[in-house]
**Student:** 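I have a structure here, written as C-alpha cells, and I will follow up with some questions on it.
Just so you know, ligand 1 is whichever comes first in the structure, and atom 1 is the first atom listed for that ligand. If you're wondering where the values come from, they're calculated on a predicted model, not measured in any experiment.
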Amino acid sequence: MKIIVAGGDGFCGWPTALYLSNQGHEVIIVDSLVRRRWDHELHSNSLTPIATLDERVTRWQELTGKKIKTYIGDLNHYDFLREVLIQTRPEAFVHFAEQRSAPYSMIDREHAVFTQVNNVVGTLNVLYGIKEVVPNCHLIKLGTMGEYGTPNIDIEEGYLKITHNGREDILPYPKQPGSFYHLSKVHDSHNIMFACKAWGIRATDLNQGVVYGLHTEETLWDPLLVNRLDYDAVFGTVLNRFLTQAAVGQGLTVYGKGGQTRGFLNIMDTIRCIEIAAENPAEHGEFRVFNQFTEEFSVLDLAHKVQEVACAKGFDTRIIHLENPRIEKEEHYYHAAHSKLHDLGLEPHLLTNEVLTGIFCSVLEHKERLINENVLPSISWT
Ligand code: NAD
Ligand code: USQ
C-alpha cells in the first residue's frame, strides 16, 4: 500500500514508518519537524542522540534499498497538504502529527491555544484533503485513551449502549479528558465522526494508551535509525521517565498517591496496531474506534516494577511522592475494553521484568545526556 505517515519524525511515527517500509509498503513521511523546535524551546533533548530526518531516511535506503520519501511542512497549511496528497495519492493516511504533551498544553494560554489550533485545524485539513483529493483513502488517526477520562464504570471501545426513558441507542462514549491536549483529541474525534457521516470518509480512531520503550527491530539496525526517548517532565511519559530516573539515581517521581491507572503498550505494539488498522480498513462512512493498549497499571505499580528491576541491576532506587501538579483522580476505578485489535491479530508484548530490564539497559547507555533540570515537573494545572 501507499501510506502517508504524518508525524513520521516523532517517537511513534519514525519506528512505524520503518516497520511499514520493511513490510513492503510505500511509505511517505510528512512532518514539519516542529517537535525538534519544542525541544529547543524547553531546553530539553531526547536521551538518545537522534539523527536528522534526512540522515535517517538516507541510512534506511542504504541499508535496505527501500526509499521513504519525505515532505517537510505543516498540516495546518492546507495548500501544502493538498499538494502532497495530489503528488502521492495515498491509500492510507496515518496521522500522528499533533502536539501530544498534556503539560505543554497547560503551560499558559498561548500553549493551550497553540495545541488546540495545531491539532484540530491540522486534522480538519486532513479531512478536507481526503474529501477533495483521495476520497478512498483510509484515515488512521491517533487519538488517546485519555479522551474517556476515568469514569466509575467500564470504558468501552468508542461507543456505549444506553437505555433512557425506555428507549435504547448506541452513542459515543462520554468524554472527560484531563488537559487541553486531551481535549484537542476529543474535538478531533467529533470532527472525524461528522466527516465520516457527511462525506462518507473511512476512518479509524486509535485511542492509544501511554507508550513505553523506544526500540523496535528496525531502529536497532543502525545508530542513525535510533528512536527518540523523552524523559523530561513535559514530553516524557511516566514509565520511560521512571526508568531514566532510576538509571541516574534519582527518586521515582510519583505524582500524589500514585493510584492513577492508565492503559499502556510497548512501542513494538504501536507499530503493529497501525499495520493491523491499515490492512483492515474501515468502510466508507464508518467512524471506527479501537482502544489501543495492552495492559493496565497504576503509576505506583510501575514505580514498584522499575524499583525491582533497577535493584536487581544494583541500583538503589527510591520512590518519592510529589505534590501532584495535575488535576486528576489519584484513586479510582479503571477497566477499559481493548479487544478489537486483539481480534484482528495483535499479539501483545507484555511488560515483563525482562522487557523492563532491556529498556533500562538502553537508557543506561545514554544516561550522561540527561539534563537534570528537566526531570522535576514545573507546569501546574492550576
Ligand atoms: P512526537 O511529538 O514524538 O511526534 C509527533 C510528530 O508530529 C513530531 O515529529 C512533530 O514534528 C510532528 N508534528 C506535530 N504537529 C505537526 C503539524 N501541525 N504538521 C506536521 N507535523 C507535525 O509524538 P508521539 O509520541 O510520536 O505521538 C504521536 C501521536 O500519537 C500523537 O498524536 C499523540 O497524541 C499520539 N499518542 C502518543 C502516545 C505516547 O505515549 N507517545 C500515547 C497515545 C497517543
Ligand atoms: N505521572 C506521574 N509521575 C511522572 C509522570 C506522570 O505520576 O513523573 C502520572 C501522571 O500524573 C498521569 C500518569 O502518570 O496520571 C500518566 O502521565 P503521562 O505523562 O505518562 O501520560 P499523559 O500525560 O496521559 O500523556 C501520554 C502522552 C499522550 C497520550 C497519553 C495517553 O504524552 O500523548 O495521549 O499518554 S493516555 O494517558 O491514555 O491518555
**Student:** For Arg59, is there an ion pair with Glu62 - N to carboxylate O distance below 4.0 angstrom?
**Tutor:**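 Counted as a salt bridge, because a side-chain N and a carboxylate O are separated by less than 4.0 Å.
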**Student:** Just jot down the ligand 2 atoms closer than 4.0 angstrom to any heavy atom of Gly209, in number order.
**Tutor:**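 Ligand 2 atoms under the 4.0 Å threshold to Gly209: 31 (C), 38 (O).
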**Student:** Would you tell me whether Gln245 and Gln250 have side-chain atoms, one donor and one acceptor, within less than 3.5 Å of each other?
**Tutor:**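 No, because no side-chain N or O of Gln245 sits under 3.5 Å from a partner of the opposite role on Gln250.
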**Student:** Please write down residue, atom name and distance for the protein heavy atom closest to atom 14 (O) of ligand 2.
**Tutor:**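 Looking only at protein heavy atoms, the one closest to atom 14 (O) of ligand 2 is Val299 CG2, 3.4 Å.
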**Student:** Do the rings of His111 and Tyr104 sit parallel, tilted or perpendicular, given the 30° and 60° boundaries?
**Tutor:**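 It falls in the perpendicular class, over 60°.
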**Student:** Hey, which atoms in ligand 2 end up nearer than 4.0 Å to a heavy atom of Ala102?
**Tutor:**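 Reading through ligand 2 atom by atom, the close ones are 23 (O).
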**Student:** Filter on ring-ring contact (aromatic ring centres under 6.0 Å, His included), then keep only pairs touching residues 54-78, sequence neighbours left out; what's left?
**Tutor:**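 Every ring-ring contact (aromatic ring centres under 6.0 Å, His included) pair that includes a residue of residues 54-78, provided the two are not neighbours, is Trp60-Trp221.
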**Student:** Is the closest N or O pair between Arg100 and ligand 2 shorter than 3.5 Å?
**Tutor:**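 Looking only at distances, the answer is yes, because the N/O contact criterion of under 3.5 Å is met.
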**Student:** So do the side chains of Leu142 and Ile274 get within less than 4.5 Å of each other, counting heavy atoms only?
**Tutor:**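 A side-chain contact under 4.5 Å exists here.
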**Student:** Taking the six-membered ring of Phe235 as reference, does the cationic atom of Arg228 (NZ for Lys, CZ for Arg) lie under 6.0 Å from its centre and within 45° of its axis?
**Tutor:**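 Verdict for Phe235: no cation-pi partner in Arg228.
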**Student:** Which residue supplies the protein heavy atom nearest to atom 38 (O) of ligand 2, what is that atom called, and how far is it?
**Tutor:**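 It is Met145 CB, 3.2 Å.
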**Student:** Okay, side chain of Asp205, backbone of Val289: is any donor-acceptor separation there less than 3.5 Å?
**Tutor:**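 No: the side chain of Asp205 does not pair with the backbone of Val289.
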**Student:** Please say whether Tyr255 places an N or O atom under 3.5 Å from an N or O atom belonging to ligand 2.
**Tutor:**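 By distance alone, the answer is yes.
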**Student:** May I have the step-by-step check of ring-ring contact (aromatic ring centres under 6.0 Å, His included) for Trp14 and Phe96, ending in yes or no?
**Tutor:** CA-CA 10 Å; Trp14 174 241; Phe96 287 113; over 10 Å; no
**Student:** Heavy-atom contact check, 4.0 Å cutoff: does Gln208 meet ligand 2?
**Tutor:**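 Contact present.
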**Student:** Please check: side-chain N/O of Tyr148 versus main-chain N/O of Glu156, any donor-acceptor pairing under 3.5 Å?
**Tutor:**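 Yes; judged by distance alone, with no hydrogens or angles, the pair exists.
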**Student:** Does Tyr181 have a heavy atom less than 4.0 Å from any atom of ligand 2?
**Tutor:**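 Under 4.0 Å: yes for Tyr181.
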**Student:** Within ligand 2, which atoms have a heavy atom of Gln260 less than 4.0 Å away?
**Tutor:**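 Here the atoms of ligand 2 in question are 11 (O), 15 (O).
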**Student:** Does ligand 2 come near enough to Val238 that some N or O of the ligand is less than 3.5 Å from an N or O of the residue?
**Tutor:**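 N/O-N/O distance below 3.5 Å exists for this pair.
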**Student:** Quick one: table the atom pairs, ligand 1 N or O against protein N or O, below 3.5 Å, distance rounded to 0.1 Å.
**Tutor:**
{"unit_1": "ligand 1", "atom_1": "2 (O)", "unit_2": "Arg35", "atom_2": "NE", "d": "2.9"}
{"unit_1": "ligand 1", "atom_1": "3 (O)", "unit_2": "Phe11", "atom_2": "N", "d": "2.9"}
{"unit_1": "ligand 1", "atom_1": "9 (O)", "unit_2": "Gly10", "atom_2": "N", "d": "3.3"}
{"unit_1": "ligand 1", "atom_1": "9 (O)", "unit_2": "Asp31", "atom_2": "OD1", "d": "3.3"}
{"unit_1": "ligand 1", "atom_1": "9 (O)", "unit_2": "Asp31", "atom_2": "OD2", "d": "2.6"}
{"unit_1": "ligand 1", "atom_1": "11 (O)", "unit_2": "Asp31", "atom_2": "OD1", "d": "2.7"}
{"unit_1": "ligand 1", "atom_1": "11 (O)", "unit_2": "Val34", "atom_2": "N", "d": "3.2"}
{"unit_1": "ligand 1", "atom_1": "11 (O)", "unit_2": "Arg35", "atom_2": "N", "d": "3.0"}
{"unit_1": "ligand 1", "atom_1": "15 (N)", "unit_2": "Ala97", "atom_2": "O", "d": "3.4"}
{"unit_1": "ligand 1", "atom_1": "15 (N)", "unit_2": "Asn118", "atom_2": "ND2", "d": "3.2"}
{"unit_1": "ligand 1", "atom_1": "18 (N)", "unit_2": "Asp74", "atom_2": "OD1", "d": "2.9"}
{"unit_1": "ligand 1", "atom_1": "18 (N)", "unit_2": "Asn118", "atom_2": "OD1", "d": "2.7"}
{"unit_1": "ligand 1", "atom_1": "19 (N)", "unit_2": "Leu75", "atom_2": "N", "d": "3.0"}
{"unit_1": "ligand 1", "atom_1": "21 (N)", "unit_2": "Ser32", "atom_2": "N", "d": "3.2"}
{"unit_1": "ligand 1", "atom_1": "21 (N)", "unit_2": "Ser32", "atom_2": "OG", "d": "3.3"}
{"unit_1": "ligand 1", "atom_1": "23 (O)", "unit_2": "Arg100", "atom_2": "NE", "d": "3.4"}
{"unit_1": "ligand 1", "atom_1": "25 (O)", "unit_2": "Arg100", "atom_2": "NE", "d": "2.7"}
{"unit_1": "ligand 1", "atom_1": "26 (O)", "unit_2": "Phe11", "atom_2": "N", "d": "3.3"}
{"unit_1": "ligand 1", "atom_1": "26 (O)", "unit_2": "Cys12", "atom_2": "N", "d": "2.8"}
{"unit_1": "ligand 1", "atom_1": "32 (O)", "unit_2": "Phe96", "atom_2": "O", "d": "3.3"}
{"unit_1": "ligand 1", "atom_1": "32 (O)", "unit_2": "Lys185", "atom_2": "NZ", "d": "2.7"}
{"unit_1": "ligand 1", "atom_1": "34 (O)", "unit_2": "Tyr181", "atom_2": "OH", "d": "2.6"}
{"unit_1": "ligand 1", "atom_1": "34 (O)", "unit_2": "Lys185", "atom_2": "NZ", "d": "2.9"}
{"unit_1": "ligand 1", "atom_1": "36 (N)", "unit_2": "Gln208", "atom_2": "NE2", "d": "3.3"}
{"unit_1": "ligand 1", "atom_1": "40 (O)", "unit_2": "Val211", "atom_2": "N", "d": "3.0"}

**Student:** So which heavy atom in the protein is nearest atom 30 (C) of ligand 2, and how far is it from that ligand atom?
**Tutor:**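 That would be Thr144 OG1, 3.7 Å.
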**Student:** To which protein heavy atom is atom 26 (C) of ligand 2 closest, and what is the distance rounded to 0.1 Å?
**Tutor:**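 Ranking protein heavy atoms by distance from atom 26 (C) of ligand 2, first comes Thr237 CG2, 3.7 Å.
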**Student:** Below 4.0 Å, non-hydrogen atoms only: which portion of His182 touches ligand 2? Side chain, backbone, both or neither.
**Tutor:**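 Under 4.0 Å from ligand 2, His182 contributes side-chain atoms alone.
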**Student:** Any chance you could lay out the side chain to side chain donor-acceptor pair (under 3.5 Å) test for Glu328 and Thr150, step after step, and finish with the verdict?
**Tutor:** CA-CA 9 Å; Glu328 61 184 0; Thr150 53; over 6 Å; no
**Student:** Among all protein heavy atoms in this structure, tell me which lies nearest to atom 21 (O) of ligand 2, with the distance rounded to 0.1 Å.
**Tutor:**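 Sorting protein heavy atoms by distance from atom 21 (O) of ligand 2 puts Val210 CG2, 4.1 Å first.
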**Student:** Can you check whether Gly146 has an N/O within less than 3.5 Å of an N/O in ligand 2?
**Tutor:**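 Gly146 vs ligand 2: N/O contact under 3.5 Å present.
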**Student:** Between Asn118 and Gln99, is there a side-chain donor-acceptor contact under 3.5 Å, judged purely by atom types and distance?
**Tutor:**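 Note: Gln99 and Asn118 side chains miss the donor-acceptor criterion.
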**Student:** Given that the side chain starts at C-beta and the backbone is N, CA, C, O, which of these parts of Glu328 lies under 4.0 Å from ligand 2, counting heavy atoms, or is it both or neither?
**Tutor:**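 Glu328 to ligand 2: side-chain contact only, backbone stays beyond 4.0 Å.
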**Student:** In the protein, what heavy atom is nearest to atom 3 (N) of ligand 2, and what distance, to one decimal place, separates them?
**Tutor:**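 Heavy-atom neighbour on the protein nearest atom 3 (N) of ligand 2: Thr253 O, 2.6 Å.
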**Student:** Between Arg262, Lys185, Glu330, Arg326, flag the one that comes closest to atom 17 (O) of ligand 2 by a heavy atom.
**Tutor:**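 Comparing heavy atoms across Arg262, Lys185, Glu330, Arg326, the nearest one to atom 17 (O) of ligand 2 lies in Arg326.
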**Student:** Could you check whether Ser184 and Glu98, counting side-chain N and O atoms only, form a donor-acceptor pair closer than 3.5 Å?
**Tutor:**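 Not at all, the side chains of Glu98 and Ser184 share no donor-acceptor pair under 3.5 Å.
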